[in-house]
Enquirer: 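Sending over a structure as structure tokens; questions will come in a sec.
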Amino acid sequence: MFDKIDNLSSQTRILIAVLLALAFFVPYSYFYKPQMNENNATQATTREMQNVAPIQQVDSGKITQDTARVSNPNHATLATIESKNFTYKIDRLGRIAEVALKEKKYQKDSTPLMLFSEDIANPSNPKILEIRFSDSLLNQKAFNVPYSANLNTLEIKDKPQSITLIQELGEVKIEKVLTFYPNGYYEARIKIPQNYTYFVSPGMRPSVENDSYVFKGVIVKESDNTITTIEDGDAQGQSNYANASILAAVDRYYATLIFNKSNNLNVTILSNPSENPMPFVSTEGELQLKGYIGPKDYRLLETIDPNLTDVVEYGIITFFAKPLFLLLDKLYNLCGNWGWAIILLTLIVRVVLYPLTYKGMVSMQKLKDLAPKMKELQQKYKGEPQKLQAHMMELYKKHGANPMGGCLPLLLQMPVFFAIYRVLFNAIELKGAAWLLWINDLSVMDPYFILPILMGGTMYLQQHLTPTAFNDPMQEKIFKFLPLIFTIFFVTFPSGLVLYWFVNNIFSIIQQLLINKALERKKAREIAEHKHKDD
């Protein structure tokens, strides 16, 4: 097997490396399903399991169907929370049933962006701050009796404001005191008699961004900082996590979450009919929660609680992507424009990776120079693979060439490029961020396809300048089609990501020109020295 690999030309290896990188680069985001670590799922005590188990009946049995049928009249708005940035509507069951973001950069077709609204198709899905009881009869009653509120309208300006919701269920009285802040943060104090086990939900994930390339589902952060993700379509039965600090339901850009600095959230994740995760926390008596509804803006989450920045999730490469985002954020603070920040980030990455790039380009040039001799060896030892292999290795050794030198640097750079891809694809900070001229939003595709075409053109020019030594005409044709493939591939990508690759190509071309000139000068010196020795 290794003999066959060594017999491949350098360009074949590079082509394979690029295609493998492509196979990993974006399809990874589609096919990768974060697996829940069973070892991380904390086993509940016998008493907790007894208390939690009935919620399965509440969710999937007769109660859920009755709830869906009876509670429809209670979907009417009980109270409206207004601020400069959002509108919340609380329904007659004491739940935040509708959320609209009013900031211009989040708007859709010049209207507020609806993060949550009435979901008739999935009545069993919990809403924000929905309460369910383990006692099925009490739960049935709770979904038939409306709440009352001390206010119908609450306007939030510079200071937090509170609203009190009360539900009378005979001998059981539920009291919710909700305090809302201007930035989407809220506090909830829930009072229920001590001897009743109940469950509170942060709600299902926002239903705005449904792109298949990104994570959508539930994130649980436990007290030992273990982060577990349950993606839509992957929820199975019931999972329990004791002593968690964050329970978040997220899509690409937005989140609804509850958290507690005491790390004492007992989390239960159920599965709905679509196998999407339904998040709850369980408790008895009085419960105090902190929560947030809105964009996954890193700095905003950090101001609320630094722990919440873990909700900004980049998949398996988060450990590397997160520092890259922080660097990008610092560059933005320096220049005040996300487009220029991306360009500066590209320059920094090129400088850091220059040693690898230089080695790869030098190796490719050496292999190009050796191509005629390699071709002679292939003709001379045709049908004798072992002899051919031995003489080729001797040739490589004599001239200091590495047959893998051209593609190894490329493969080593791919994690960096992939991390940047994830950062730029997931950064809501690019939402509504303009760069130059026609690029008014770096989070969406170029409306005129100019950047993708420029990226493909610069990639073609870079190929033209890169040392090549094709032995197979078909191989050469395939390789020359890569710019077109990349152009088509990137047409629908966010402008910020295409900008990165375009600028990266520009810097690569500059580096290639400089290295080519340096190699020409070096070669000229070697020829002059050789000629001087002969004289």
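For the numbers below, each heavy atom of this structure counts, side chains included, while hydrogens, waters and symmetry mates do not. We number each residue from 1, following the sequence as shown.
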Enquirer: So, are Asp310 and Lys322 salt-bridged, with charged N and O less than 4.0 Å apart?
Expert: yes
Enquirer: Would a 4.5 Å heavy-atom cut-off, applied to side chains only, mark Pro126 and Phe199 as touching?
Expert: no
Enquirer: Are Asn307 and Phe259 packed together at the side-chain level, in the sense that at least one heavy-atom pair is separated by less than 4.5 angstrom?
Expert: no
Enquirer: Between Arg205 and Asp232, does at least one N-O distance fall below 4.0 Å, as a salt bridge requires?
Expert: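 Salt bridge: yes.
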Enquirer: For the backbone of Ser495 and the side chain of Asp446, can you confirm whether one donor and one acceptor N or O come within less than 3.5 Å of each other?
Expert: no
Enquirer: Which distance, rounded to the nearest 0.5 Å, do you find between the CZ of Phe116 and the OH of Tyr88?
Expert: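 Result: 9.5 Å between the selected atoms.
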Enquirer: Just do the ring pair (Phe, Tyr, Trp, His ring centres under 6.0 Å) check on Phe417 and Trp501 with the steps written out, would you?
Expert: CA-CA 9 Å; Phe417 297 149; Trp501 281 95; 5.4 Å; yes
Enquirer: Under a 3.5 Å cutoff, is there a donor and acceptor pairing between the side chains of Thr111 and Asp109?
Expert: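 No - no donor-acceptor pair under 3.5 Å links their side chains.
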Enquirer: Checking salt bridge (charged side-chain N to carboxylate O under 4.0 Å, His left out) for the pair Lys127/Asp91: CA distance, chi angles, key distance, verdict?
Expert: CA-CA 10 Å; Lys127 293 180 172 58; Asp91 68 12; 5.4 Å; no
Enquirer: Find out whether Glu313 and Ile219 are in side-chain contact, i.e. whether some heavy atom of one side chain is under 4.5 Å from a heavy atom of the other.
Expert: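 Contact flag for Glu313/Ile219 side chains = yes.
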Enquirer: Take Ser223 and Asn243, measure what side chain to side chain donor-acceptor pair (under 3.5 Å) needs, and give me the verdict at the end.
Expert: CA-CA 6 Å; Ser223 57; Asn243 302 319; 5.2 Å; no
Enquirer: Could you list the residues that satisfy side chain to side chain donor-acceptor pair (under 3.5 Å) with Lys102, not counting sequence neighbours?
Expert: Glu82
Enquirer: Determine yes or no for a side-chain-to-main-chain donor-acceptor pair under 3.5 angstrom, with Asn337 supplying the side chain and Ala434 the backbone.
Expert: yes
Enquirer: May I ask you to establish whether Arg422 and Phe325 are in a cation-pi arrangement, using a distance under 6.0 Å from NZ or CZ to the six-membered ring centre and at most 45° from the ring axis?
Expert: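 No - Arg422 does not lie over the ring of Phe325 by the 6.0 Å and 45° rule.
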Enquirer: Side-chain contact test, heavy atoms from C-beta onward, threshold under 4.5 Å: evaluate it for Asn125 versus Met278 and give yes or no.
Expert: yes
Enquirer: Do Tyr500 and Met455 have side-chain heavy atoms sitting under 4.5 Å apart?
Expert: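 Heavy-atom side-chain distance check fails, nothing below 4.5 Å.
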Enquirer: Side-chain contact test, heavy atoms from C-beta onward, threshold under 4.5 Å: evaluate it for Tyr198 versus Thr283 and give yes or no.
Expert: yes
Enquirer: Could you pull out every donor-acceptor pair under 3.5 Å between side chains of residues 173-193 and any protein atom, sequence neighbours left out?
Expert:
residue: Lys176; atom: NZ; partner: Gly94; partner atom: O; Å: 2.7
residue: Lys176; atom: NZ; partner: Leu129; partner atom: O; Å: 2.6
residue: Thr179; atom: OG1; partner: Ser162; partner atom: OG; Å: 2.7
residue: Tyr181; atom: OH; partner: Glu187; partner atom: OE2; Å: 3.4
residue: Asn183; atom: OD1; partner: Tyr185; partner atom: N; Å: 3.1
residue: Tyr185; atom: OH; partner: Glu187; partner atom: OE2; Å: 2.8

Enquirer: Do Trp340 and Trp435 come close enough that some side-chain heavy atom pair is under 4.5 Å?
Expert: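 Side-chain contact under 4.5 Å: yes.
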Enquirer: Does the side chain of Arg252 come within less than 4.5 Å of Lys216's, by heavy atoms?
Expert: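 The answer is no, as the side chains (C-beta and beyond) never meet within the 4.5 Å cut-off.
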